[in-house]
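Below is one structure; the comments refer to it alone.
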Amino acid sequence: MSRATTTPSDRDDCDARVPLPPAFFARPVLEVAPDLLGCVFLFGGAGGRLVEVEAYRSDDPASHSYRGPTARNAVMFGPPGHLYVYFTMGRHFCCNIVCQPQGQGAAVLLRALEPDAGLALMTVRRGTADPRQLCSGPARLTQALAIAREQDGLALGSGGLAILSRPGLTARDVEEPAAWSRGAPLIATTPRIGISRAQEKPWRFVDVGSPFLSRRLPAASRSR
DNA sequence: GACTTGATCCCG
DNA sequence: GGGATCAAGTCC
């Protein structure tokens with residue numbers, strides 16, 4: 001994250017992270033979601049390592065896309081690799097990455113990340129210096145990174161928005177689908193948070209070892 | 001448990 | 001068209 005310079009010899013840097021290609025997000029959302037854990041999410045110079053996400057798709061009663069396209073969820077039905085940002089509960093924004101081929105209405109909700117880049121900025125925006133309170137929760141995360149209505153529909157790789165691979169991949173490695181699951185942290189699946197329908201689906205994915213989750217793991221969670 | 005806004009629902 | 005409903009959350 002914090003390399004000051006880049007030289008040809010950095011090819012062997014084992015901490016190297018490179019942008020995920022569009023094809024990464026065109027896959028089934030239940031595959032994309034766990035593969036995002038350990039990747040780095042950045043917007044405007046702030047962000048860090050993703051540790052908690054949830055999957056949503058259009059055959060899923062808990063998803064905004066369940067009843068088809070509307071003005072609010074239009075981006076979910078657009079091309080993969082774009083942000084779907086929605087306003088909720090009268091005061092908060094939540095941020096998703098659109099997945100699967102265009103028109104399918106699937107997305108991954110970003111629920112927590114481990115703060116790394118732009119700590120000073122995030123501290124001011126959140127009004128706390130406690131790293132555990134910066135990005136541990138979907139609306140906390142958007143507040144810390146200053147993601148709001150204006151970012152709805154923003155494409156990865158533009159406007160200061162990026163998702164970088166897990167460490168150790170070259171730009172060439174990351175084009176190969178076999179590399180997308182490499183270097184995964186220990187992952188648990190649990191029911192999703194805060195929904196009233198389809199509560200049985202274990203479509204929340206968390207990095208078991210992270211102290212930056214929005215909630216503690218339930219005892220019944222299962223690791224893979 | 002309160003808060004606070006707006007998209008969506010459903011009746012008329 | 002218009003009022004009722006309630007939400008992928010956070011904080012006190």
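Quick caveat: nothing in here was measured; it's all calculated off a predicted structure. Residue numbering restarts at 1 for every chain, and letters A, B, ... go by the order of the sequence lines.
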Stems for DNA chain C (at least 3 consecutive Watson-Crick or G-U pairs, under 3.5 Å) come to B:1-3 with C:9-11, B:5-11 with C:1-7
Just wondering, do Pro28(A) and Gln100(A) contact through their side chains at under 4.5 Å, heavy atoms? yes
State whether the aromatic ring of Tyr56(A) stacks on the base of dA8(C), taking stacking to mean ring centres under 5.5 Å apart and ring planes under 30° to each other. yes
So, does Ser65(A) use its side chain to make a donor-acceptor pair with the main chain of Ala106(A) at under 3.5 Å? no
Can you measure Arg197(A) atom CZ to dC6(C) atom C1' for me and round it to whole angstrom units? 11 Å
Asn96(A) side-chain proximity, nearest of dG9(C), dG6(B), dA8(C): dA8(C)
Check the phosphate of dC11(C) against Arg126(A), side-chain N and O only, distance under 4.0 Å to OP1 or OP2. Yes or no? yes
How many angstroms lie between CD1 in Ile163(A) and CG in Leu42(A), if you round to the nearest 0.5 Å? 9.0 Å
With respect to the phosphate group of dG6(B), does any side-chain polar atom (N or O) of Arg91(A) fall under 4.0 Å of OP1 or OP2? no
Classify the side chain of Tyr86(A) versus the base of dA8(C) as yes if they form a donor-acceptor pair under 3.5 Å and no if they do not. yes
Quick check with a 6.0 Å cut-off and a 45 degree axis cone: is Arg192(A) positioned over the face of Tyr56(A)'s six-membered ring? yes
Among Leu36(A), Leu30(A), Val32(A), exactly one meets side chain to side chain contact (heavy atoms under 4.5 Å, CB included) together with Cys99(A). Which residue is that? Val32(A)
Send over the distance from Leu110(A) CG to dA8(C) C1', rounded to a whole Å. 12 Å
Ignoring the backbone of Tyr84(A), work out which of dA7(C), dG6(B), dA8(C) is nearest its side chain. dA8(C)
On DNA chain B, check which nucleotide each of Met89(A) and Arg67(A) is closest to and give me the residue with the more 5' one. Met89(A)
From Phe87(A) CZ over to Cys94(A) SG, what is the distance, rounded to the nearest 0.5 angstrom? 10.5 Å
When rounded to the nearest Å, what value does the distance between P atoms of dC10(B) and dA8(C) take? 16 Å
Arg72(A) CZ to dT5(B) P, in whole Å, measures 16 Å
Length of the line joining Tyr66(A):OH and dA7(B):C1', which is rounded to integer Å: 19 Å
For the pair made of CD in Gln199(A) and P in dA7(C), what is the distance, rounded to whole Å? 11 Å
Between the CG atom in Asn73(A) and the OH atom in Tyr86(A), the distance rounded to the nearest 0.5 Å is 12.0 Å
Sugar-phosphate, base or nothing in reach of Ala139(A), heavy atoms under 4.0 Å: sugar-phosphate
Please round to the nearest 0.5 Å and tell me the distance separating atom CG of Leu156(A) and atom CZ of Phe25(A). 5.0 Å
Think Arg140(A) has a side-chain N or O under 4.0 angstrom from the OP1 or OP2 of dC11(C)? yes
In whole Å, I'd like the distance from the CZ atom of Arg204(A) to the P atom of dG9(C). 11 Å
Provide, to the nearest angstrom, the distance between the CE atom belonging to Met76(A) and the P atom belonging to dT8(B). 13 Å
dT10(C) phosphate, OP1 or OP2: any side-chain N/O from His92(A) under 4.0 angstrom? no
To the nearest Å, how far apart are Asp152(A) CG and dG6(B) P? 15 Å
